[in-house]
Structures are given as C-alpha cells and as structure tokens.
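The structure appears below as structure tokens.
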Amino acid sequence: MAVLVTGGAGYIGSHTVAALLERGEEIVIVDNLQQGHREAVLGGKLYEGDLRDEAFLDQVFKENSIDAVIHFAANSLVGESMTNPGKYYHNNVYGTLCLLEAMNKNGVKRIVFSSTAATYGEPERVPIDEHDRTVPTNAYGETKLAMEKMMKWFDTAHGIHYVSLRYFNAAGAHASGKIGEDHSPETHLIPIVLQAALGQRPHISVFGDDYPTEDGTCIRDYIHVSDLADAHVLAVDRLRRGEDSAVYNLGNGQGFSVKQVIDIARNVTEREIPVVMEARRAGDPAVLIASSDRARKELGWQPKRDKLDDIIRSAWQWHSANPNGYGKN
Ligand SMILES: NC(=O)c1ccc[n+]([C@@H]2O[C@H](COP(=O)([O-])OP(=O)(O)OC[C@H]3O[C@@H](n4cnc5c(N)ncnc54)[C@H](O)[C@@H]3O)[C@@H](O)[C@H]2O)c1
Ligand SMILES: O=c1ccn([C@@H]2O[C@H](COP(=O)(O)OP(=O)(O)O[C@H]3O[C@H](CO)[C@@H](O)[C@H](O)[C@H]3O)[C@@H](O)[C@H]2O)c(=O)[nH]1
C-alpha cells in the first residue's frame, strides 16, 4: 500500500517524503509545483497536478493502491492571507474538499493533516494546549481551522479518520544536505535572516517592536523540519492501528523573539546581519508557544533536534551550500 503525499515537493512535504523513504514506504506525490521543486523529491512517484482538478486526482487514486494520505498542499503565508484571503479559501478549503471527496469516492480512510499554531490566534495562555480556544487572527489560520472542521464531518459521515498536526514554526534542513527550505518569494524569518547573513539582502526588516513581550518583538516556537517529518510517520502508524481521530500540537515548548533569533543567527553564521525596524505585519499574534505533551504521550513523538542554535545551524548549512536554493548555484 502507498502513502499519498500532497505538497510532497514543498519544504515540509519533501522532508516527510525523505522520512517515509527511510523506512521503505511506497510513496505517491501530488504537487502542482507552484511552490514545490521536482529536485526536492528524493523518491516515490511524482504526479504534477492540482488537487482541485477532480479528474486528475481521481486518476491518481485509481492508478495506485493508497491507504493513507498526508496532506501538506496549501498556501501558508500569514501576511499574504490578509491581503488575498480568496486565494486561501480557494486553495486551502476547496482543495481539501476536493481531496476528501476523492478519498471518499476511492475508499481511502486515513488522513494526516498539516494544521498550524495559527488556528489559535492570540493565546489566552502559553504554552498552548489542544483544548485552548481557537480564534484565528489571520485568514490563513481561519482556513486551516475550517479544513480541520471539514475533516471532522467527513469522519462522522464517512469514517475517514484524521490526525491533525498543529505545527508551530518549521525551520532547519535535512541532515543529508540534499533538501532544505526554498520558497519564492521567501517570507519566513529564519531563511530571510540567513539570506541577509549571506549578503543576498541588505538587511532583515523586523515587523514590530511594540508587542507586549520582553524586547517588544514577536515570540515563536521553532521546530526542526525533520522532527515534524517524524511526527507524520508516527501519525500514519496511529491511523493504521485503527485509533481515533486526534489533534496534536508540534513544537519545542520554548519561545524565541525575533531579536533573539537574529542574535543566535549572528553567532551561528559569524556574519553581520543588519536590522531595520518596521511596522507590525497584519495578522501576527504576539506569542505562540506549544505544549506538545499530548503528541509525546499518544504518538510517542520525541523531537531530536530541539536546540534553536542547532536548528539555525542546519538551515545555515543548506543556505550557504545552496544560496540559490534548488536553482543553479
Ligand atoms: N512552514 C511552516 O512553518 C508551517 C507551519 C505550520 C503549518 N504549515 C503547513 O504545512 C504545509 C506545508 O508547508 P511548507 O512550508 O512546506 O509549504 P510549501 O509551500 O513549501 O509546500 C506546499 C506544497 O504544496 C504545493 N501545492 C499547493 N497548493 C497545491 C494544490 N492545489 N495542488 C497541488 N499542490 C499544491 C506547493 O507547490 C508546495 O510544493 C502547509 O499546509 C502549511 O500550511 C507550515
Ligand atoms: O522578514 C521578516 C519575516 C518575519 N518576521 C517576523 O518573524 C515572526 C515569524 O514569522 P514567519 O517566519 O513569517 O512565520 P509565521 O508568520 O509565524 O508563520 C509560520 O508559522 C506558522 C505557525 O506558527 C505557520 O502556520 C505558517 O504557515 C508559517 O509561515 C513573525 O513575528 C514575523 O512578523 C519579521 O520580523 N521579519
């Protein structure tokens, strides 16, 4: 039986494909390559196409014996979702509807889903656990919450069990040096900081230093992409054991401010990283820190690369060796 990975040519998807390959899984990947890269796919059968293309998706299910889906394909930028929410509803919500309908039609009953800390919005307390209220502050988080709810009703009606993984901020790169983060345009903090260290950008803009945090900048919980990948493999195992649907946070339980991230990156890279203060970015909560106790207990998940210095060092290895990402160096 094969695992279908949607968005498997993207950043977290390609690292999860690598983890699935390591344990000998058969893998089918669907990606429209709008953000993903063919070169990031280290194995498995890649279909280039869009989830919203019903006939195409049905053909993928018909041509392969798929018993579980890991669903990464989505748009995922907080800032962009505030200026173009329609794009997020169309790709994320409608795309997930197309996927669930195709799964139902083809009798596939297991899905692991990329959810996000952005479903919580401004937390009532930190660390955040899975029972805490979900009031997204941005359209991206709102679409992810809608996707989770959709999965709940498909479970009730059609018995499609799901594990929804609410990740905090993914960072770092694969230990092999073969794959890493390459978004165009790049908007994530750590790769942008490293591009500034490489001299590819004149500076890093810090979006807001008037938040209610110690140094005034936003605090996030950074988690290594390969630790996220491991959690997906464990989630597939859980569904294959026939256990119930579940929601888990994935983070390290430690928060770092934007300024702290930049300081650690200066130490790791031993380069200058100029900073320019700018206004807040719309939709950003001040603090997001995970409690991942439930994933540890129920999935047996144990992050192995939990020091932010090591996470940034692994990202630096990728960016310094591949300054143009998957393009020509
Ligand atoms: N990066 C993070 O910090 C983070 C944190 C929490 C949640 N997530 C979620 O994890 C998932 C993966 O994030 P990422 O950073 O790897 O993003 P990414 O953009 O690198 O990967 C997404 C992939 O999906 C593909 N895709 C998008 N829409 C598609 C469609 N309609 N049909 C087929 N392919 C499509 C893109 O080409 C891309 O390869 C997303 O769902 C995102 O919301 C990411
Ligand atoms: O040039 C930049 C880029 C980012 N930031 C700040 O850095 C923090 C982290 O931003 P970013 O790396 O863009 O991540 P988030 O907006 O926190 O969102 C990421 O993390 C979420 C989970 O917490 C995921 O759901 C999203 O998909 C993923 O993009 C935020 O406070 C940003 O305002 C800057 O100050 N300058």
Side-chain angles (χ1 to χ4, degrees), residues 5-16 29-38 40-41 47-53 56-57 70-81 87-88 90-92 94-96 98-99 113-120 128 136-138 140-141 143-144 147 165-172 181-184 186-193 195-196 201 203-209 211 213 217-223 225 228-229 232 249-251 256-259 261-262 275-290:
V5 183
T6 77
Y11 172 45
I12 308 170
S14 61
H15 286 75
T16 302
I29 296 138
V30 166
D31 200 299
N32 62 13
L33 299 181
Q34 281 188 1
Q35 273 293 333
H37 308 270
R38 202 175 283 283
V41 179
Y47 286 83
E48 183 179 347
D50 197 290
L51 282 186
R52 294 163 290 184
D53 178 343
F56 159 73
L57 200 56
I70 308 183
H71 179 33
F72 293 101
N75 292 116
S76 59
L77 304 180
V78 167
E80 182 188 58
S81 81
K87 177 176 176 181
Y88 282 71
H90 202 275
N91 199 24
N92 296 1
Y94 178 59
T96 299
C98 294
L99 175 64
F113 174 65
S114 293
S115 190
T116 166
T119 53
Y120 293 108
I128 306 169
T137 54
N138 51 66
Y140 162 62
T143 62
K144 286 278 169 168
M147 293 150 88
L165 299 175
R166 293 180 177 162
Y167 345 135
F168 285 59
N169 290 53
E181 186 164 12
D182 179 10
H183 291 119
S184 183
E186 189 53 78
T187 64
H188 292 118
L189 179 65
I190 291 178
I192 290 183
V193 166
Q195 287 170 355
R201 293 174 187 259
H203 60 260
I204 167 84
S205 299
V206 172
F207 300 143
D209 63 355
Y211 284 96
T213 62
T217 65
C218 287
I219 292 179
R220 295 288 181 273
D221 180 343
Y222 294 88
I223 172 88
V225 63
L228 288 181
H232 289 78
N249 287 343
L250 298 176
F256 292 89
S257 72
V258 173
K259 282 185 178 166
V261 168
I262 296 167
V275 165
V276 171
M277 300 312 301
E278 286 192 22
R280 290 183 180 197
R281 188 177 67 179
D284 276 342
V287 182
L288 291 172
I289 301 172

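Being a predicted model, the structure only gives us computed values, none of them experimental. Order of appearance sets the numbers: ligands from 1, and atoms from 1 within every ligand.
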Numbering the atoms of ligand 2 from 1, which are under 4.0 Å from a heavy atom of [X]?
X: Val206; result: 35 (O)
X: Ile192; result: 1 (O)
X: Tyr167; result: 22 (C)
X: Ser76; result: 26 (C), 27 (O), 29 (O)

For ligand 1, does [X] get within less than 4.0 Å through its side chain, its backbone, both, or neither, judged by non-hydrogen atoms?
X: Ala117; value: neither
X: His37; value: neither
X: Phe168; value: backbone
X: His183; value: side chain

For ligand 2, which part of [X] has a heavy atom less than 4.0 Å away: the side chain, the backbone, both, or neither?
X: Phe168; answer: backbone
X: Tyr140; answer: side chain
X: Thr187; answer: backbone
X: Arg281; answer: side chain
X: Ser205; answer: backbone
X: Asp284; answer: side chain

Closest protein heavy atom (residue, atom, distance) for [atom]:
atom: atom 37 (O) of ligand 1; answer: Asp31 OD1, 2.7 Å
atom: atom 42 (C) of ligand 1; answer: Ser76 CB, 3.4 Å
atom: atom 24 (C) of ligand 2; answer: Thr116 OG1, 3.6 Å
atom: atom 28 (N) of ligand 1; answer: Asn91 ND2, 2.9 Å
atom: atom 3 (O) of ligand 1; answer: Ala170 N, 3.0 Å

>> Given His15, His188, Gln35, identify the one with the heavy atom nearest to atom 19 (O) of ligand 1.
In response: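 Considering heavy atoms of His15, His188, Gln35, the nearest to atom 19 (O) of ligand 1 sits in Gln35.
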> Can you tell which of Val30, Ile190, Asn32, Ile12 gets a heavy atom nearest to atom 35 (C) of ligand 1?
Replying inline: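 Considering heavy atoms of Val30, Ile190, Asn32, Ile12, the nearest to atom 35 (C) of ligand 1 sits in Asn32.
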> Can a cation-pi geometry be assigned to Arg52 and Tyr94, taking NZ or CZ under 6.0 Å from the six-membered ring centre and within 45° of the ring axis?
Replying inline: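 No, Arg52 and Tyr94 do not form such a contact.
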May I ask you to list the atoms of ligand 1 that are less than 4.0 angstrom from any heavy atom of [X]?
X: Leu33; result: 37 (O)
X: Ser115; result: 6 (C), 7 (C)
X: Lys144; result: 40 (C), 41 (O), 42 (C), 43 (O)

> Within the structure, does Arg220 bring an N/O atom to less than 3.5 angstrom of an N/O atom in ligand 2?
Replying inline: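 Yes - when backbone and side-chain N and O of Arg220 are compared with those of ligand 2, one distance drops under 3.5 Å.
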> Looking only at N/O atoms, are Tyr222 and ligand 2 under 3.5 Å apart anywhere?
Replying inline: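 No; every N/O pair is 3.5 Å or more apart.
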Report yes if [X] has an N/O atom closer than 3.5 Å to an N/O atom of ligand 1; otherwise report no.
X: Leu51; value: yes
X: Tyr140; value: yes
X: Gly13; value: no

>> For Met147, is there any backbone N or O sitting under 3.5 Å from a side-chain donor or acceptor partner on Asn92?
In response: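 Answer holds: no.
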